[in-house]
Student: 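The structure follows.
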Amino acid sequence: QVQLVESGGGLVQAGGSLRLSCAASGRTFSSYSMGWFRQAPGKEREFVAAITLSGIITYYADSVKGRFTISRDNVKNTVYLQMNSLKPEDTAVYYCAAVLGGLSGSYYPYQRSYEYWGQGTQVTVSS
């Protein structure tokens, strides 16, 4: 089992940047595929980005491609989401998620693929 704690959210102006972190408990972090999802007010939770066990392969939602970068540090047991060129429509609660093992590529964007979730961190982008 793994516990996830997100941090790094906050208020930023449009065009600005934030880096979210998700710290995982346990000694087997490198055995978990990781993802970031977000939920805006009144909307369903949606996929943002995901990263494979080794960190070599990454996946992004079209809405964030070219602006967001997911990465992981398997020594620090942490996954990151670097968010640049932020837009007001990026405002949401951002959640970190984990699943033991690897996934077929097509499964990364689906919430049901993940076993563990953090509590979320609020990101607000002002216009």
Student: Is Asn74 reaching over with its side chain to a backbone N or O of Leu53, donor-acceptor style, under 3.5 angstrom?
Tutor: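 Flag set: sc Asn74 to bb Leu53 pair under 3.5 Å.
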Student: Would you call Val12 and Met83 a side-chain contact if the rule is heavy atoms closer than 4.5 Å?
Tutor: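 No. Closest side-chain heavy atoms not under 4.5 Å.
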Student: Just grab all the disulfide (SG to SG under 2.5 Å) pairs involving residues 51-127, residues at least two apart or on different chains.
Tutor: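 Residue pairs with at least one partner in residues 51-127: Cys22-Cys96.
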Student: Can you confirm whether or not the ring centre of Tyr95 sits under 6.0 Å from the ring centre of Phe37?
Tutor: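 That pair fails the under 6.0 Å test.
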Student: Once side chain to side chain contact (heavy atoms under 4.5 Å, CB included) is applied, do any residues pair with Ser106, and if so which ones, sequence neighbours excluded?
Tutor: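 For Ser106 the side chain to side chain contact (heavy atoms under 4.5 Å, CB included) partners, ignoring immediate neighbours, are Ser104.
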Student: Identify, with sequence neighbours excluded, every residue that meets ring pair (Phe, Tyr, Trp, His ring centres under 6.0 Å) alongside Tyr108.
Tutor: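 If we apply the ring pair (Phe, Tyr, Trp, His ring centres under 6.0 Å) test to Tyr108, skipping adjacent residues, the hits are Tyr59.
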Student: Under a 4.5 Å cut-off applied to non-hydrogen side-chain atoms, are Tyr116 and Gln1 in contact?
Tutor: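 Of all side-chain heavy-atom pairs linking Gln1 with Tyr116, at least one is under 4.5 Å.
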Student: What I want to check is whether the side chains of Thr78 and Asp73 have a donor and an acceptor closer together than 3.5 Å.
Tutor: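 No, no side-chain donor-acceptor pair sits under 3.5 Å.
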Student: Do Tyr32 and Tyr110 belong together in a cluster built from hydrophobic side chains that touch within less than 4.5 Å?
Tutor: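 Per the 4.5 Å side-chain linkage, Tyr32 and Tyr110 are not co-clustered.
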Student: Determine whether a donor-acceptor pair (N or O, by modelled atom type, separation under 3.5 Å) exists between the side chain of Arg19 and the backbone of Gln82.
Tutor: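 Not a single qualifying donor-acceptor pair exists.
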Student: Counting only heavy atoms not in Gln39 (residues, nucleotides, ligands), do more than 12 fall under 6.0 Å from its CD?
Tutor: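 Correct, the count exceeds 12.
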Student: Taking only residues two or more places apart in sequence, or in another chain, which ones meet Ala40 in a side chain to side chain contact (heavy atoms under 4.5 Å, CB included)?
Tutor: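 Residues passing side chain to side chain contact (heavy atoms under 4.5 Å, CB included) with Ala40: Lys43, Ala92.
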Student: Do you know which two heavy atoms are closest between Thr52 and Arg72, and how far apart they sit?
Tutor: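 For Thr52 versus Arg72, the nearest heavy atoms are O-NH1, 2.8 Å.
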Student: What pairs of residues pass the disulfide (SG to SG under 2.5 Å) test when at least one of them lies in residues 35-81, not counting sequence neighbours?
Tutor: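 Residue pairs passing disulfide (SG to SG under 2.5 Å), neighbours aside: none found.
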Student: Checking side chain to side chain contact (heavy atoms under 4.5 Å, CB included) for the pair Arg45/Arg38: CA distance, chi angles, key distance, verdict?
Tutor: CA-CA 5 Å; Arg45 192 178 301 185; Arg38 67 186 182 186; over 6 Å; no
Student: Just by modelled atom types, is the Val125 backbone N or O under 3.5 Å from a matching donor or acceptor in the Thr91 side chain?
Tutor: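 Yes, the answer is positive, given that a donor and an acceptor are paired below the 3.5 Å cut-off.
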Student: State yes or no: do Leu11 and Val123 share one hydrophobic cluster built from I, L, V, M, F, W and Y residues joined by side-chain heavy-atom distances below 4.5 Å, directly or via other members?
Tutor: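 Result: no, two separate clusters.
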Student: Going by side chain to side chain contact (heavy atoms under 4.5 Å, CB included), name the residues that satisfy it together with Thr121, two or more places apart in sequence or in a different chain.
Tutor: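 For Thr121 the side chain to side chain contact (heavy atoms under 4.5 Å, CB included) partners, ignoring immediate neighbours, are Glu6, Leu20, Tyr94.
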Student: Strictly below 4.0 Å, N to O, side chains only: are Lys65 and Asp62 in salt-bridge contact?
Tutor: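 Looking at Asp62 together with Lys65, the answer is yes, because their closest N to O distance falls below 4.0 Å.
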Student: Does Thr58 use its side chain to pair, donor to acceptor, with the backbone of Ile70 at less than 3.5 Å?
Tutor: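 Not at all, since once roles are kept as given, no pair shorter than 3.5 Å links the two residues.
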Student: For Val99 and Met34, what are the C-alpha separation, side-chain angles and deciding distance, and is it a side chain to side chain contact (heavy atoms under 4.5 Å, CB included)?
Tutor: CA-CA 7 Å; Val99 58; Met34 304 297 296; over 6 Å; no
Student: Let me confirm one number: the CZ-NZ distance from Arg67 to Lys87, rounded to the nearest 0.5 Å.
Tutor: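 Taking CZ in Arg67 and NZ in Lys87, the distance rounds to 4.5 Å.
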Student: Within the distance-only criterion (no hydrogens, no angle test), does the side chain of Ser33 pair as donor or acceptor with the backbone N or O of Gly101 below 3.5 angstrom?
Tutor: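 A pair under 3.5 Å: yes.
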